[in-house]
Amino acid sequence: MPYVVTRSCCADASCVLACPVNCIHPAPGEPGFGTTEMLYVDPRTCVDCGACTTACPVDALKPHTALGEAELPFLELNASYYKENAHADRAPMYVVPKQRRLPEGELSVAVVGAGPAGLFAADELLRHPGVRVTVHDRLPTPYGLARAGVAPDHQDTKQVTELFRAIESQAAFSYRLGVEIGTDVTHADLLREHHAVIYAVGAATDKRLGIEGEDLRGSVSATDFVAWYNGHPDRALDDHDLGSERAVVIGNGNVALDVARILTADPDALARTDISDRALAALRASRVREVVLLGRRGPAQAAFTVPELLALSALDDVDVSVEGWPDDLASDATEKTKLLSELAARTPVEGRRRIVLRFLTGPVRITGDGSVQALEVTTTTLRTDDDGTVRAVPTGDTQVLQTGLVLRSVGYRARPVPGLPFDEDTATVPHESGRVEPGVYVAGWIKRGPTGFIGTNKTCAHETVESLLDDFAAGRLTRPVSTVSVAANALGLDAWRAIDRAERAAGEAQGRPRVKLTDTESLHRAAARAVPAVRG
């Protein structure tokens, strides 16, 4: 098998277009695209040309001869996909849509949100001559969760920002960073200045547990904890008590795995990443030796992906153990449950830090005198509803876990966007193919909820932009009538590049990818050293 897709796959399908023999699936338009955990190379048809490696923005594609020991399971993972997903009847190549001919005159679009969804939307728009895009963001820095959400020990995934750098280098692209919509500029202002507005504001808050003690000190959302160790300006100055030997993470998605890895990682290894200096200092002093991840349901329903579980299983200085198995698990064997079974059979090594994946366990209450001292949990049993939904039902048997840190990681939730309708149940803006109304559109998590991967935003953005261009071609968009006077401290591309240079230079001096500036004042000081950007 010449080439293999590995863990860092962002599923944006750049490799699909580059492949001359159509051996990478699922492709855009095929069943599973945007919902599978990654893309897969067909070992039967790959011709070892290497075109995919050039196109991949996160270096996920590797020759089979270059795989490290921890990456070898991806050989079978790629091959096994095609055993269950034959594609002989599919189109021979992903067909690139024919470029539209837009009406005469320039189309001006504001994009709100400079994360992956917003930048992919900008890229889709800029494929058409005569379109001008201005991307707005509340923060002085772009890239959203690609900068402040991806774990610092996953630097390969962060390479997707090089793709974003190419997008922002296009001549008709501009930034307004450090500008908050609704405060510095209103929704009405944007509509007066542009033909259309695309909101790609993501899901900025977390879901709550709704249990007693959730607001005690030491009970924290994983969203905030991730923002803290990634140096997000909103959370960079937070303090977290890492003085107890056990931390508990409620949830078992990829973010929960990220948090567990960071809490148990060797600080010297983290010191070679772009982790926040404040967080690194706290982790060096940490007494945490065990992180327990609680999942209400069983291993088969775990939310984390197989690639991330493989990365966890490959840790050579941290024990990973598994607790809580349904009696009938063997009858529902999947790649995920097979791997979990292998982890469960491992023998712990004395003295190592430990991550425990504990299933069929739910939180009951958090206890403590002002701050977290313990978490009461209950075992659960699984029941299947008539519609096939698997639910966890508490048994009533309880146990107390001593801990000083409880992190809830049960999902993201979007906030309402001023001036737009909002569905409280789904925490999304109601839309039709991204169209809220002619002139107003949504993309990313505010559109579809917190699902998918980085590359999923590319397909999502394409659909939204198609709706926008349909409205423009039909004459349903209002021509701009004024130019908005934005705040004097709004930062453009030149300013962002100055920040980027400063962080990279500081990182180079320490043997790190970058040293992040984590407060607004420092970011603006670096931005003040901006020089005119070179386009192209």
Side-chain angles (χ1 to χ4, degrees), residues 1 3-46 51-52 55-58 60-61 73-98 116-117 120-121 124 253-254 300-310 332-339 384 387-390 426 428 431-434 443-445 447-467:
M1 181 175 183
Y3 278 84
V4 184
V5 182
T6 61
R7 184 204 58 79
S8 59
C9 177
C10 70
D12 84 330
S14 297
C15 56
V16 174
L17 292 177
C19 178
V21 293
N22 191 34
C23 74
I24 305 175
H25 297 276
E30 293 179 342
F33 181 75
T35 59
T36 53
E37 296 177 347
M38 56 192 291
L39 303 182
Y40 304 89
V41 174
D42 188 342
R44 300 166 301 176
T45 53
C46 177
C52 56
C56 179
V58 293
L61 283 138
F74 287 100
L75 276 167
E76 177 57 27
L77 191 63
N78 276 252
S80 64
Y81 171 81
Y82 292 93
K83 295 175 184 176
E84 299 179 5
N85 298 275
H87 61 92
D89 58 338
R90 298 180 182 175
M93 287 291 287
Y94 169 50
V95 179
V96 179
K98 185 178 180 180
F120 279 130
E124 289 291 332
N254 285 348
Q301 293 81 39
F304 49 66
T305 60
V306 169
E308 290 301 326
L309 185 59
L310 282 169
D332 188 27
T334 64
E335 293 290 342
K336 185 180 295 182
T337 56
K338 289 175 187 176
L339 184 55
T384 303
D387 62 0
T389 301
V390 178
T426 62
T428 59
H431 66 91
E432 182 177 345
S433 299
W445 283 0
K447 170 186 173 184
R448 67 180 192 275
T451 61
F453 311 97
I454 290 176
T456 309
N457 292 298
K458 191 170 185 177
T459 308
C460 175
H462 175 76
E463 178 188 61
T464 294
V465 169
E466 286 296 297
S467 294

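Only this structure's heavy atoms are used, side chains among them; waters, hydrogens and symmetry mates stay out. Counting begins at 1 with the first residue of the sequence.
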Would you give the length of the straight line joining atom [atom1] of [X] to atom [atom2] of [Y], rounded to the nearest 0.5 angstrom?
X: His462; Y: Phe120; atom1: NE2; atom2: CZ; result: 13.5 Å
X: Asn457; Y: Trp445; atom1: CG; atom2: CH2; result: 8.0 Å
X: Ile24; Y: Tyr3; atom1: CD1; atom2: OH; result: 11.0 Å
X: Thr36; Y: Glu30; atom1: OG1; atom2: CD; result: 10.0 Å
X: Leu309; Y: Arg7; atom1: CG; atom2: CZ; result: 12.5 Å
X: Cys52; Y: Leu17; atom1: SG; atom2: CG; result: 12.5 Å

Salt-bridged, Lys83 to Glu76, with N to O below 4.0 Å? yes
Between Val306 and Glu37, what is the shortest heavy-atom contact and its length? N-OE1, 2.9 Å
Is the backbone of [Y] close enough, under 3.5 Å, to the side chain of [X] for a donor and an acceptor to pair up by distance?
X: Asn78; Y: Val41; answer: yes
X: Thr45; Y: Cys23; answer: no
X: Thr384; Y: Val390; answer: no
X: Asn254; Y: Thr305; answer: yes

Contacts of type salt bridge (charged side-chain N to carboxylate O under 4.0 Å, His left out), residue Glu463, not counting sequence neighbours: Lys447
Relative to each other, are the rings of Tyr40 and Tyr81 parallel, tilted or perpendicular (30° and 60° limits)? parallel
Side-chain H-bond candidate by donor/acceptor type, Ser467 with Thr464, under 3.5 Å: no
Flag side-chain contact, heavy atom, 4.5 Å: Ile454 against Val58: no
Are Cys10 and Pro57 packed together at the side-chain level, in the sense that at least one heavy-atom pair is separated by less than 4.5 angstrom? yes
Can you run down the salt bridge (Lys or Arg N to Asp or Glu O under 4.0 Å) pairs that involve residues 450-459, sequence neighbours left out, and say none if there aren't any? Asp12-Lys458
